[in-house]
Every structure is written in C-alpha cells, then in structure tokens.
Protein chains: 2
Amino acid sequence: MEQTAIRPQKGLPLYLQLKQMIQAQIASGVMHPGDRVPSERELSDRFGMSRMTARQALLELVREGFLYREQGRGTFVAHRKVNQGLLGVTSFTDDMRLRGVVPESVALDQVLELADAEAREQLQLDIGAMVVRLKRLRLGDGRPMALEEAILPAHFVEGLEDHPLDKDFSLYAYLRERGILFQRAHQTLEAVLAEGDQSQFLGVLPGAPLLLLERLSFRQDGQPMEFVRAYYRADRFKFFVDLNQG
Amino acid sequence: MEQTAIRPQKGLPLYLQLKQMIQAQIASGVMHPGDRVPSERELSDRFGMSRMTARQALLELVREGFLYREQGRGTFVAHRKVNQGLLGVTSFTDDMRLRGVVPESVALDQVLELADAEAREQLQLDIGAMVVRLKRLRLGDGRPMALEEAILPAHFVEGLEDHPLDKDFSLYAYLRERGILFQRAHQTLEAVLAEGDQSQFLGVLPGAPLLLLERLSFRQDGQPMEFVRAYYRADRFKFFVDLNQG
DNA sequence: AAGTGGTCTAGACCACCGA
DNA sequence: CGGTGGTCTAGACCACTTG
C-alpha cells in the first residue's frame, strides 16, 4: 500500500479513490488472499482522511466480496472473488459478450396491443393499458440460442416501433439511453421440453431439453417495467448466479 | 411515524431500532409505496440522534430494497418488495419449508475418500486430501424431488459419519451449529434429460426434463467448503432468484 | 431559496481479540 | 494490554431538485 496521490478533489470522492486503490492492489497481486488490509485508523492517518471515510471504502469492498472483516482482528483480502459482479441483472446481449460470443437478434414479431390478463397481473397495469410485445430469436455466433418474448408497458417505449430490432440491437441499451434503469429483478428458471414452434425456431428436435427463464424487472421505485419469458437451448446455455449471505 | 420510544441503549443499536420501526410501518401499511419517508435531518431531530445514525438506518433499508432514494428529492417507500431476502444462499430444507412443503432426506451413500480430480479442482484441495461424499434423495411431502450429491473437505465434518442423515436432518443446520457459515455461493443451472439411475430414483421416465443445479459454497474468508450437484424434477421444482442493480 | 441526499471531518466510547 | 471493528456525535460543504 504505497503513498500514491489520493488527497485532493480530483473529481472522484475520496472514499472511491481509496476503494479503487485497494481494489487495484488486490487485482495486481500486491495483496494476497488472507492478507490483512491496513486498519481504518491506519488508512485515515496515512491518507489524511477521517476514519469514517476510510471505513466507507472498506465496507463497500466487503459488500462486494473483495474483503471480509473479523471483529477485533482486522480486515482481510477474500480468497477467491466469486465471479465479480454477476449478481446484477444482465441482458442477453451483455451476457453473450461476457462469454465471448457475438450476440444477435432477429425480430419475429413486434406489436402494440391491449394488455391481456397475464400482462396486467405481472406488470400491475389497469384494464385498458397498452403494452408492447416483442418476440425475438436470439443468436450467439450465428446459432440459435433462445426464443424470447418481452412485454413492456407501452409508455416506457414510445417510438420503439420505428426502431430496427435486428442485428446487435439491445433493448436494455435503448432503455438505458432513455434514462430507464432496472434496479431489481425477480427471475425463475425451470426445465421444459421443446415443442412445436420452439423446436423449429431453435433448431432442435421436439422433446429436447430447454431452460425456461421468466423474469420480471423493476425500476428503482419498485414499479415493474418488463416481463420476459425466454426458452434457451439447454445444450448451449447454462445459467449462473452468485448468492450472498448464509 | 409516531414518537415511540427509541432513545436509550436497550441492547439494540440505535440505527437498528430506527430501521425496525420504519420496516414495521411499511409492513403494517401505515406508509404506502411511493410515500416519502422523513429526511435524514428530520429523523435525527425527531429521535435525538445524529444525522449519520439515521442515515445508516435508511441506507440499509435501501440496500434491502424497502426504500429508494432520489438525489435532491428524498427517500421513498419502494413499490413492491421483491420476495424479501431471497437473495441468500438457501438449503433444500429451508427452501422446502418456505414453500410449505415438508422436507425429508434419504441417505443413499456416504463415504470418506480421497478427493478425485474434480473435487480437488472445485474445492481447491491438494493431492491426498480427504473428502466426504454424501449422496441423498430429497423428498418433499414424501415425493421424490431431487437427487443430490454433496462433497465437502473432510476436516469440516469430522464426526458426521456417525450422524443420522435421514428424516429432516439438515447438513446446513449441522454446520451452522459447529460455527461453519457460508458467505457466498456460485451456482449454475441447466436443463438436462433424465437417464439411468436418475429416472429410477426420481420416479420419472428416461427423457423427462430435469433441472441440474451445481453449487460451490464459500466461507466468509472465501475458502470453498462444499460442492453440490443436484438433479431436480422439472415438474416439481422451479428455481427462483432475485437480482439487484442494473 | 429551501430542502434533500452525498461526502467528509475529528473526535468519542464500546465489545472483542490477541499476545 | 493495545489494536481492531461497531456505533455514535455534531457539526460542515457540496450537488441536485423543487417551488
């Protein structure tokens, strides 16, 4: 832990600068798993900040799994960072890129319609509300990966009808640009067998195993904003998630 | 938000008392989704605590999804609490109980042996290390739900060999009693088809869909401590998870 | 301009742990 | 015992939102 510059308001809050510095030391191997990190008092002395500021940096790193603390002993570098950050809500596009696969979408259907009972229930809409329904075939490196249907309240996506949905278009990037962000999602996964349409679009035999994913996403204020039902080819897709706390 | 007693050191830290009070008001319906919660300054005034203390209560409730904040506007009650707390590592036993199903286990096999290559890789063990291998059939309300194999480093579970593994025995409760806690887990899910042994134990036809779950659990210090591979009957089990942050 | 959350300070006492 | 993290105080200035 060298005395690199950390002091001034160079745009970034102090605690974030400290956090990044510690993170860098772990990543670069300067500090090893099990090593003790300097105490809150030591950090605040060394970098001329208050103890609460150093504390905030350490606590965030603990929450993110880089460090762990033991009462009365100290703060230590965690042993193996479990797949950093994959606790977040991911989009198909990001997901594929992360795996080094080139994502692609083919729009099969795209309609503006009255929300049916299921959509109203999931998205908590009133009778008469309109929704956009997007049916897409998802490709990875040009091969069919998943058949996906997304339903969103129409007011979130005005103008989307004129948007090209093919190629590497990401619905999530589109929403991000418009300032619409997810905060939380509830997701279920089950195993089903391919039938009818599904096997044709995905290029598998009827009876092949599929992973059925259903996801309801919420905005920051807790309002539901997207319901997705997607069928993934089991031989090409494995879902993973990191869980915290015991 | 009434002026109930909150002041003194009645065992519980101040910020936890405040947190619980706010949580109770949300649960009881006194405060509704979208309602503004008193500001940090207002809370600190009203309850005679410092702003940082009130802030700590609010920030924890935000992290847990009960509240959300908007810069310059205030702190608000979130709209729908997404399955409270199900971000955690769950055991089969807890999971079933949560769903109102009576869990049961039948031990099929239980051996102490040399760790093979896969076990060493997953659990980061050296050559020559011993592991305990537990094979169990999991029942819910008396019906087969899953076929599960767990592998643990032998030094975590000394004495387990003499333990009855049937009935409602929970490996996790056993470990909890011995002070061994999980902090984090990495889990993957995929869809497969039942074959051989699996279909017999689970009571399904070969070719029936199964949900294959693999989980690697870590202790607080980041050391891996259990690897589980479980096959769930797709018609009786749906996996769900809540994700944070977009 | 007034109110909010975001950051930060310079102290304090406590419970817990190790030597 | 000294050092650690856990809690807490009473202030401060900032950026942001709203009227």
Side-chain angles (χ1 to χ4, degrees), chain A residues 1 5-22 31 34-64 66-78 179 181 183 220-221, chain B residues 1 5-22 31 34-78 179 181 183 220-221 245:
Chain A
M1 187 85 42
I6 213 188
R7 196 48 235 272
Q9 248 69 346
K10 53 176 259 258
L12 215 54
L14 286 184
Y15 79 95
L16 282 180
Q17 292 182 44
L18 175 56
K19 192 180 154 189
Q20 289 179 0
M21 172 180 304
I22 296 173
M31 300 209 296
D35 285 0
R36 232 204 72 208
V37 163
S39 71
E40 299 173 354
R41 288 165 180 83
E42 205 176 330
L43 288 169
S44 61
D45 279 0
R46 195 172 324 171
F47 297 113
M49 56 179 60
S50 100
R51 188 185 153 203
M52 287 300 275
T53 302
R55 180 176 175 77
Q56 187 171 358
L58 293 183
L59 287 182
E60 290 205 0
L61 288 167
V62 167
R63 272 196 294 276
E64 292 167 19
F66 291 98
L67 305 176
Y68 65 98
R69 338 190 78 187
E70 287 183 20
Q71 166 79 257
R73 298 216 322 122
T75 305
F76 307 86
V77 178
L181 295 171
Q183 157 78 352
Q220 196 189 224
D221 63 1
Chain B
M1 188 84 42
I6 212 187
R7 197 47 236 272
Q9 248 68 346
K10 52 175 263 254
L12 215 53
L14 286 185
Y15 78 95
L16 283 180
Q17 291 182 45
L18 175 56
K19 191 180 155 187
Q20 289 180 359
M21 173 180 304
I22 296 173
M31 298 208 296
D35 285 359
R36 233 205 69 209
V37 163
S39 72
E40 299 173 353
R41 288 165 181 84
E42 205 176 330
L43 287 170
S44 62
D45 279 0
R46 196 174 320 174
F47 297 114
M49 56 179 59
S50 99
R51 188 184 150 201
M52 288 300 277
T53 303
R55 180 176 174 78
Q56 188 172 358
L58 293 183
L59 286 181
E60 290 205 359
L61 288 168
V62 167
R63 272 196 295 276
E64 293 167 19
F66 291 99
L67 304 176
Y68 65 97
R69 340 189 78 187
E70 287 183 20
Q71 166 78 259
R73 299 214 326 121
T75 304
F76 308 85
V77 178
L181 294 171
Q183 158 77 352
Q220 195 189 223
D221 63 0
Q245 288 177 86

Integer-rounded Å distance: dT4(C) C1' and Glu42(B) CD: 11 Å

Among Val37(A), Leu61(A), Leu58(A), Ile22(A), side chain to side chain contact (heavy atoms under 4.5 Å, CB included) partner for Phe66(A): Leu61(A)

Rounded distance (Å) that lies between atom P of dT4(C) and atom CG of Leu67(B): 15 Å

Touch class at under 4.0 angstrom, heavy-atom based, for Thr75(B) against every strand present: sugar-phosphate

Given DNA chain C, 5'-ward residue of the pair Arg36(B) and Pro13(A), judged by closest heavy atom: Arg36(B)

Length of the line joining Gln56(B):CD and dG6(C):C1', which is rounded to integer Å: 16 Å

Step-by-step side-chain contact (heavy atoms from CB on, under 4.5 Å) determination, Phe47(A) to Gln17(A): CA-CA 11 Å; Phe47(A) 297 113; Gln17(A) 292 182 44; over 6 Å; no

Closest nucleotide among dT7(D), dG5(C), dC8(C) to the Arg69(B) side chain: dG5(C)

Separation of dG6(D) P from Arg63(A) CZ (nearest whole Å): 12 Å

Taking every non-hydrogen atom, the tightest pair across Arg36(A) and Arg73(A): CD-O, 4.0 Å

Per-nucleotide protein contact string for nucleotides 10-19 of chain C (B base, S sugar-phosphate only, - none; heavy atom under 4.0 Å): B-B--BBSS-

Minimum-distance nucleotide to Leu14(A) side chain [options: dT7(D), dC8(C), dT4(C)]: dC8(C)

For atom CG of Leu18(A) and atom P of dC8(C), their distance in whole Å: 10 Å

Interatomic distance where CG belongs to Leu59(B) and C1' belongs to dT4(C) [whole Å]: 13 Å

d(CZ, Phe76(B); P, dT17(D)) in whole Å: 12 Å

Distance, rounded to the nearest Å, where Leu12(A) contributes CG and dC14(D) contributes C1': 15 Å

